[in-house]
Amino acid sequence: MDTSPRPSAPRLTCRRALPERFLIPAVHLFDPQHGVDLAGDLLVEEGVIAALGERVALPTGVDVLDDLAGCSVFPGFVDPHVHLRTPGHEYKEDLASGSLAAAAGGYVAVVAMANTDPVVDCGPVAAWVLDRAETDAVIRVGQVGAISRGLKGEELAEMRELADAGVVAFSDDGRPVSDADLLLHALRYARGTGRALLLHLENSSLSLDGIMHEGRWSARLGLRGIPAACESGPLAHELELVRYVDAEGERLAATRREAEDQAAGGPVAGGPVREDAPDGDPVPGGTALGAARATVPLVHFQHLSAADSVRLVRRAKEEGLPVTAEATPHHLLLTDERLAGFDQNLKVNPPLRSAADRDALVAALAEGTIDCVATDHAPHAPQEKEVPIEDALFGTTGLETAFAALYTGLVLTGGLPLGRLIEAMSAGPCRVLGLAEPRLALGAPADFCVVDLGETWKVSTAGFRGKGRNCAFLGQTLTGRVRLTVVDGARRFARARGEV
Ligand SMILES: [Zn+2]
């Protein structure tokens, strides 16, 4: 686990299961991030990978999962951005159904957003959700704490209390943080807790009641558009604040080093003395922050959709600013043209944009400007989606289709190496959030998924484990089927060959 000296560690939790003993023979073991790429067997015992290699001796009394022969084993996927709708909106999804959907997609951990009812903006609510996850969730669930109280963007949420309850990061996702002063304070507080701010970028006064990307297709269809500047505008603004807070941190660190140097050379009359900030106050430049900075970004930009945003993030990274970014499968694969069928499942926020925007996102994912894939899994009830597109709520589900959609749409077409996709779905999000990376290594926790890269299947509502039916990929034929998901050495989800 992460050993950075944070005030409190993030808590990711799920239902305990008895560790199992099983061998998966004749599979492709592929963990590109940690240099594993071989054909062989994998043995799980006592919650860990007990053996892996070209030929693993079979101990007595061990289940042999012959039916998985020929499949690929990957480090388990981690999703930094899902909506599990608990508490308050369990008619859309709950911790049991959402985590099962995640397991069916090969995920071993997901991080839930705070836009629930009540909002997760204080310690007790965060603790309640995580306690529920410990009894209801089949794979690990982490929780994000709100940046502002009630997601209203007016005053800060109880950020230190949320950190102590074990939230993974902070986000007002679903809404932008428009007040610069509030955001500035949030940046300092988040850094004080060793956690990133995950930012939903949207200029609300520009998006208004827009339905889709503003462009040729919105004009043709007569639907109100949401310009790309709605995202890239706030992004440029937020980068200015990141630059300011980053420089402030550097300045304070330099002052501290100076003081330490002088102290090492003996007491200096009138020399600078740094007092520790009182508990609960932001501690920019403090000891814990240096370590935290090394593991998590100051800001992580959520669900990028526009080429202009990609350009800004690329430049910021070249400059060395501590920022990261994510993109969703639907933004990486689909474009605004698809709205011509008025399919409500394609109404998402930010909207599906032009082919040029999508191509920029794919290139950015390939080169690492976009660090990771996030589904923004947003289940809704039929009565919220099966209405005229103007009235339908924004969002698509994504956990059960993410890998297969991206493997089919980007890897099989030659646009993206499989290794980069696995990295962006497993190690990438962990680095953003400062979590331990799942790995295929001797003695590592057995957190992995098994995928049949040869199986082709049609996305249909009949196969969904989650409650939501609103999937942007409904009806598509995809290649790559998750057959098994293992967390802590226990099988949390299994699917027979050809099973829906
Ligand atoms: Zn969002």
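Atoms within each ligand, like the ligands themselves, are counted from 1 in listed order.
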Would you indicate whether the side-chain heavy atoms of Leu201 and Leu304 approach each other to under 4.5 Å?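 Touching, per the 4.5 Å side-chain cut-off.
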Among residues two or more places apart or on two chains, list those pairs meeting side-chain hydrogen bond (donor to acceptor under 3.5 Å, both in side chains) that have a residue in residues 323-336.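 For residues 323-336: His81-Glu326, His300-Thr324, His300-Glu326, Thr328-His330, Thr328-His331.
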Could you name each residue pair satisfying side-chain hydrogen bond (donor to acceptor under 3.5 Å, both in side chains) that touches residues 109-131, not counting sequence neighbours?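 Every pair satisfying side-chain hydrogen bond (donor to acceptor under 3.5 Å, both in side chains) with a residue in residues 109-131: Arg11-Asp131, His83-Asn115.
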Can we call the ring centroids of Phe74 and Phe448 under 6.0 Å apart?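 For Phe74 and Phe448, the ring centres are not under 6.0 Å apart.
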Protein N, O or S atoms less than 2.8 Å from the Zn ion (ligand 1), ignoring waters?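 Checking every protein N, O and S atom gives Asp173 OD1, His200 ND1, His303 NE2.
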If you take all heavy atoms of Cys430 and Ser426, which pair is closest and at what distance?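 For Cys430 and Ser426, the tightest heavy-atom pair comes out as SG-O, 3.3 Å.
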Could you go through residues 144-151 and list every donor-acceptor pair under 3.5 Å that involves a side-chain atom there, pairing it with any protein atom two or more places apart or in another chain?
{"residue": "Ser148", "atom": "OG", "partner": "Lys152", "partner atom": "N", "Å": "3.2"}
{"residue": "Ser148", "atom": "OG", "partner": "Gly153", "partner atom": "N", "Å": "2.8"}
{"residue": "Ser148", "atom": "OG", "partner": "Asp172", "partner atom": "OD2", "Å": "2.6"}
{"residue": "Arg149", "atom": "NH2", "partner": "Glu158", "partner atom": "OE2", "Å": "3.4"}

